[in-house]
Every structure is written in structure tokens, then in C-alpha cells.
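Below is one structure; the comments refer to it alone.
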Amino acid sequence: MDCTEGVKMAMDKDTISRRRFCQLAASGIVLAPTLVRALQQSSPGRLTAREVVRRIRQQVGVPWRTPTADDFKAGDPDAPIRGITTTFMSTFEVLQRSVSAGNNFVITHEPTFWNATDIISDLKDDPLYQQKLKYIEDNKLVVWRFHDHWHARRPDGIFAGWNRVMGWDKYTVAGTTPSRTNTSSLKSGSKT
Amino acid sequence: MTGQELIERIQKNVGVPWQSQRPDGFPDGIHIGKPETAVTGIVTTYAATVDVMRHAVASGKNTIICRETPFYSRGERAPIAYRNAPAPSKELTDKDPVCSFKQEFISQNNLLIIRFVDNWDARNNSGQLRGLVRALGWDHPSQNRNVDYATSAAVFQVQATSLANLARNISQKLKIRGARVIGNPQSSVGAIAITHGLILVSEVERMLREFRPDVLVAGDAVEWEVVPYFQDLVTAGRARGLVLVGNEASEEPGMSEMATWLKTFITEVPVEWISAGEPFWTVRRA
């Protein structure tokens, strides 16, 4: 099973309580502590999404690669941010809940516009695309994808979250680091 | 009748110009086995699993006509949308114990594996859609709002019911346990668009625009494409539900239709549909 789907499954509203799901989604389990450290030096009201991403690139521990899916998908990266949501997928509902929670920066593992590279050329006339984009703009949300490098990190951040939720840390086989063979979401037929 | 003669007879009866090539490199025709092999009996099925092959052999049939490829991949030339891995190389199929076991079974039993997909789907009387609609019991004219069997999708108007009831009804008709549903179970639904196999975002978008259904029923979907697309449609109030019955369950009734059709021009040997069976079972959390 793809670990990404695994985390999704563990976070699914049907497999754990909704309250717990919200806690997990809001905390981002593993990603959030890294961000908290990175943000401790921030001056409130002036932090931008672009600055957060700059710090992530400093902290992630692997060289930044190109091409990568890890990029801004919507919103103004230079607008001030008030709070950060991490999520498996920036669905419309997650965006709404971020707004309710006062978070205007959404870091998503998977696409926002329903295809691997968030190509929107075929979606421009799609009323759902227009509605979702308008919601992002109206609420001054910024969406950034964090997929390839979170997987490339050692240990793979998705595996780390999975192992923690499953309680499998104690079964780690010495000398192995959980990781995937292909961390780019851009290749044809890749798992994401 | 040899394998070659069987192919020729299908070509003569299919009613559309035979397309011999497919972008993914697996054209319709004999995939494994010799064209001169005598056909002892024909099985149609969704996928030539080892289990299906054993059933075929046990009933004295050596020819399997299937929709999916015997070695689990459609090939490196497949459109990117289908998300397939490259076609397995000969080296891999020789080295892989599952593939070599299957290959040996095929050789030892002198089986013919025939793929028949594109030309079957190209008929202007979609056997796959017709089979699925018939299996659901929606082929009654009063329910038919806009059935066009020349395309792969149709829309039906059933008596308004809840999404949960609809999903239960579909599961009973198709005898499946692994259907998955997006949407509020209590939503009232009546207009149902249906298609078979994998659906893509562009197809969902088109079906919603053309048919304005409450619910879409299909085989399967890429979990990080159509699935969140549908979640967002529901959140945005643009659709009420998606019922995914599984790729196999959505295609298998069409393979039954194929057996019925083959019998109209093949009388020398028995023709039988064997279901590959729903692959999944589900866990109910205590």
C-alpha cells in the first residue's frame, strides 16, 4: 500500500473520530513541530508564505530538486499569513475549515486541482474550479504543495507519521530507513 | 475452429472496421498461444486470473477472452491518464515467480489468451454499458431518461431515494460488498449517470455538464484525482454522490453480454462467462 493512502486512511473521518481527525489535521502530526521551530523567530503580521517556504527549504535536510511539484498553487505568496494548516489534500472542505480556524496558509501533500501537477489549462471553464479558486482568493488563502521533498527527507516524513500513528516505531528493523524508491510526483505512472 | 478462425469470425461479426492497434501496445487479438491451436471452448471474463484459468481448464475450455491483460499491465504506450506502469519486459515476466507460474500454467494447458476490448467497445451498441445497466435492472424503458449506448455513459431517472439506499440497492444487484460512496447518505437522489471502468476528472466534468445527475456510478477512480474532485463537488453543492462499485464489478456484466453475443455465431464449442470475482473484501471497524 502506498503510505500516502495509508495516512489518508488513518486520518479518515470514518476510521477515527471526527474530533481526533480535526486534531490530527490541525496539528499535522509530524510536519507541524518542524514548522513551529521554524516560525519561532517570526515577527507576527509580517510573515509571508514565501518566507515559510524559504525556512522549510533550509530545514528539510535534502537539496531542493527541479522539477518538483512542491510549489505555490494558488494565492499570493507575499501576503501576510495568520496561521498554517497542513493536510493530506487541500479539498474544498479543508479550505473552509482552515478559514474557520483562522489559518490562511494551507500546506498540502496532494494536488489542489485534482491532477498530479495541478495543470489547470483544461479546467478554466469548469465551474467547480472557478468556485474553488474564487473561495481561495476571496479568503486570501495561499496554497503550497509539499510532496516530493517531504518524501525525500530521511526518514520520509510520511512514513514517520504513519509509523507514529500505527505505533510501529518500535518494530523498526535496524539498518533500514523507510523510504520510497520514487519521490517525484511528476513522473508518469508514479505513485503519489 | 482454430484461434485464428475464432478471431476472423469475431472480426466478421463485430460490425465495425477492425482496429488492430492500440496506443498502449496491446492490440485486440491473441496475446498468448498459437493461432493454429484448436479451440475446445471459450470463456469470457474480466481478467484471466489463475483462478479463472483453472475454472476454464476444469470445464474443458482452452480459450479465454478477457478485457484486462494477463500480466497485469497495459503497456508503456498507454495514455498517461491511465497511470499504468510500463509493460513488463520479457526479462521481468521470466524472472517474476507469479508471471512464470502463470506462463507455465498457460503452456501446460495449451491455453489461448485473447484480448478483446477496443473493437468490442467500438461497436455502436456498448456491450459493457448495456450489461451493467441490465445487471442493475435499469433497462426498463420507464427509467430510461437518456440512454445512448453508442457512448460509454447513460443517465437514468429512478424513483427518488436516499444515497444510502441507492448504494445498497446497487450492491445487492451486483452482489458486491466493496462499493464505496462519497456524499451524505441521507441525500435524496433520482437522476443517476452511469458508466463502466475507470473515470477521469474530464469525464466527470462532462457527465455533470451534459446530464446534470445527482449521482454518478462508475467502476473506479484515481484516489487523488476524481475522489477529491467529487468531494469538492459535494462541498460546493454541485453533485450529491459518487458510487464506485469497483472496476471488476462494473465491467463483468459486459463480459457476460459478450458471451451471449458470441453464442449467436459460435455454435461448435461451448461459450461461458466466468466472473473473475470481486477482488476486495472490507473491514468493519468494531
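Lettering follows sequence order; numbering is per chain, from 1.
- For Asp122(A), the CG atom counts as loosely surrounded, since its 6.0 Å shell holds 12 or fewer non-hydrogen atoms of other residues, nucleotides or ligands.
- Taking non-hydrogen atoms and a 4.5 Å limit, the residue list of residues 128-144 of chain A in contact with chain B, ordered by number, reads Leu128(A), Gln131(A), Lys132(A).
- A distance-only check finds no donor-acceptor pair linking the side chain of Glu248(B) to the backbone of Pro279(B) [under 3.5 Å].
- Within a 6.0 Å radius of CZ in Arg180(B), no more than 12 heavy atoms belonging to other residues, nucleotides or ligands are found.
- The six-membered or imidazole ring of His149(A) lies near that of Trp64(A), with a centre-to-centre distance under 6.0 Å.
- For the pair Ile170(B) and Leu136(B), the minimum side-chain heavy-atom distance is below 4.5 Å.
- Between Glu51(A) and Arg46(A) there is no salt bridge, since none of the side-chain N atoms of the basic residue sits less than 4.0 Å from a carboxylate O of the acidic one.
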